[in-house]
Participant: 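The structure's right below; bear with me while I get my questions together.
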There are 2 protein chains.
Amino acid sequence: MKVSTRGEYGVRAMVALARHYGEGPMSITDIARVSSVPPAYLEQLIAPLRRASLVQSKRGARGGYILARAPEQVRIGEIYRVMEGPVAPMDCVSENLADQTCPLIDNCETRPVWLKMRDSIVDVLDSTTLADLIAPSTKVPRELPVSRTA
Amino acid sequence: MKVSTRGEYGVRAMVALARHYGEGPMSITDIARVSSVPPAYLEQLIAPLRRASLVQSKRGARGGYILARAPEQVRIGEIYRVMEGPVAPMDCVSENLADQTCPLIDNCETRPVWLKMRDSIVDVLDSTTLADLIAPSTKVPRELPVSRTA
DNA sequence: TGCTAACCTTCCGTAACACTCGGGTCAACC
DNA sequence: GGTTGACCCGAGTGTTACGGAAGGTTAGCA
């Protein structure tokens, strides 16, 4: 169960825009460089973010993209849903009720786990904003491999 | 981000075995019928569960599978990992440290969210056992669609 | 000595993923 | 007013994983 590069790159791009917030538009090329995303691909990914009004675009020379709202006002969950669709580790617990089409749903004994999983994912995504991510303190050191000291 | 049918079917099959616990071996055909999984596919899925010692097999006539431990002793997380691999909504936060190969990992600003997401998923999976799922009280009613009353 | 059922390997069609490419359109600036 | 920088839009493409099916082999029970 992986989130695709759409979600990964989408969030990275939005973080780049958040860091640049208040300093005018940022071009695809710049965003791509800063966030390490292939520029041609990024162009495709940023379109849905614009349609969802999470970013605003400015065309022509000196154009680019800006965050439509302040970083504190943008939940990661919003970005996630635009890029990946409704949170749904399994169709039967999709945020989009129309996707809950499994015929076994009403007496399925496994569904409660998936439901709890979905809720916990939603909680993480919706309780974090772009501002939280660009705050210096949030960086978490990686778990280190077992030390093989002398 | 979806868990595949491997995880879905694997957990369903284990629940079937849990309900049948203490009543002798259950054949693939029976498990498949009870849990609504294509029998030929189930045969493939149950093999890794046996290799991981989550189930035991008995060959020959009257053979089949039994749970290797009591339902209270089997965490859903164990089943999940056998079927789906390490919990890893993104490689950079995989439970398998060897998968954390992203070169950006050390000063990535987005990683904290994915890490929190992984931890919350792990918590759900490892705090639930097969016994929890077959207890009658755990069934959760589905959210109802918006009523379109007369 | 059959019948049953697990075991094992191989194969295959479909679909999603992760991009690239080419052209069109718009807005500044000179 | 034309050139240039940049967004906009659709199509196309190689690779991989998913979701199975098929067929043969081995082991235990009656």
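Order of the sequence lines fixes the chain letters, A, B, ..., with proteins taken first and strands second; residue numbering starts at 1 for each chain.
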Participant: Which nucleotide of DNA chain C is the first, and which the last, in the 5' to 3' direction, to come under 4.0 Å of a heavy atom belonging to chain A?
Facilitator: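 For DNA chain C, the relevant span reads C/dA18 to C/dA28.
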Participant: Let me spell it out: for each of A/Arg62 and A/Arg51, pick the nucleotide of DNA chain D with the closest heavy atom. Which residue's pick is nearer the 5' end?
Facilitator: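 The residue mapped nearer the 5' terminus is A/Arg62.
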Participant: Pairs under 3.5 angstrom only: tabulate donor-acceptor contacts from the side chains of residues 69-85 of chain A to other protein residues two or more places apart or in another chain.
Facilitator:
from, atom 1, to, atom 2, distance (Å)
A/Arg69, NE, A/Gln73, O, 3.3
A/Arg69, NH2, A/Gln73, O, 3.1
A/Arg69, NH2, A/Glu78, OE1, 2.7
A/Arg69, NH2, A/Glu78, OE2, 2.7
A/Arg75, NH1, A/Asp126, O, 2.7
A/Glu78, OE2, A/Arg75, N, 3.0
A/Arg81, NE, A/Glu95, OE1, 2.8
A/Arg81, NE, A/Glu95, OE2, 3.3
A/Arg81, NH1, A/Gly77, O, 3.2
A/Arg81, NH1, A/Asp126, OD1, 3.1
A/Arg81, NH2, A/Glu95, OE2, 2.8
A/Arg81, NH2, A/Asp126, OD2, 2.9
A/Glu84, OE2, A/Ser4, N, 3.1
A/Glu84, OE2, A/Ser4, OG, 2.6
A/Glu84, OE2, A/Gly7, N, 3.0

Participant: Which residues in residues 13-49 of chain A have at least one heavy atom lying under 4.0 Å from any atom of DNA chain C?
Facilitator: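 When residues 13-49 of chain A is checked for heavy atoms under 4.0 Å from DNA chain C, the hits, listed by number, are A/Pro38, A/Ala40, A/Tyr41, A/Gln44.
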Participant: Which atom names give the shortest non-hydrogen contact between A/Arg6 and A/Tyr41, and what distance separates them?
Facilitator: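 Between these two residues, the closest heavy atoms are CG-OH, 3.8 Å.
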Participant: Determine yes or no for a side-chain-to-main-chain donor-acceptor pair under 3.5 angstrom, with B/Arg12 supplying the side chain and B/Ser36 the backbone.
Facilitator: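 Indeed, once roles are kept as given, a pair shorter than 3.5 Å links the two residues.
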Participant: Can you give each donor-acceptor pair under 3.5 Å made by side-chain atoms of residues 16-25 of chain B, sequence neighbours left out, with the distance rounded to 0.1 Å?
Facilitator:
from, atom 1, to, atom 2, distance (Å)
B/Arg19, NH1, A/Glu109, OE2, 2.4
B/His20, ND1, B/Gly24, O, 3.2

Participant: Could you tell me the boundaries of the chain A footprint on DNA chain D, defined by atoms under 4.0 Å from its heavy atoms?
Facilitator: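 Going 5' to 3' along DNA chain D, contacts run D/dG5 to D/dA11.
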Participant: Which of these, B/Leu97, B/Asn96, B/Thr101, sits in a side chain to side chain contact (heavy atoms under 4.5 Å, CB included) with B/Asp99?
Facilitator: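 The option that passes is B/Asn96.
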Participant: Tell me the closest heavy-atom pair linking B/Met1 and B/Pro89, and the distance in Å.
Facilitator: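 In this case the closest contact between B/Met1 and B/Pro89 is SD-CB, 4.0 Å.
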Participant: Between B/Trp114 and B/Val93, what is the shortest heavy-atom contact and its length?
Facilitator: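 Looking at all heavy atoms of both residues, the closest pair is O-CG2, 3.8 Å.
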Participant: Is any side-chain N of the basic residue among B/Asp119 and B/Lys116 closer than 4.0 Å to the acidic one's carboxylate O?
Facilitator: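 Not counted as a salt bridge, because no side-chain N and carboxylate O are separated by less than 4.0 Å.
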Participant: For residues 81-89 of chain A, which residues have at least one heavy atom under 4.0 Å from DNA chain C?
Facilitator: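 Nucleic-acid contacts, sorted: none.
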Participant: How far apart are the closest heavy atoms of A/Cys108 and A/Thr110, and which atoms are they?
Facilitator: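 Scanning both residues completely, I find the closest heavy atoms to be SG-OG1, 3.1 Å.
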Participant: Establish whether A/Leu130 and A/Ile66 are linked, either directly or via other cluster members, by ILVMFWY side-chain heavy-atom contacts under 4.5 Å.
Facilitator: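 Unlinked, A/Leu130 and A/Ile66 end up in two clusters.
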Participant: If you assign each of B/Ala61 and A/Tyr9 to its closest nucleotide in DNA chain C, which residue comes earlier from the 5' end?
Facilitator: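 So the residue in question is B/Ala61.
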Participant: If two hydrophobic side chains count as joined below 4.5 Å and joins carry through other members, does A/Leu115 share a cluster with B/Ile134?
Facilitator: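 They do share one cluster, since a chain of ILVMFWY contacts under 4.5 Å joins A/Leu115 to B/Ile134.
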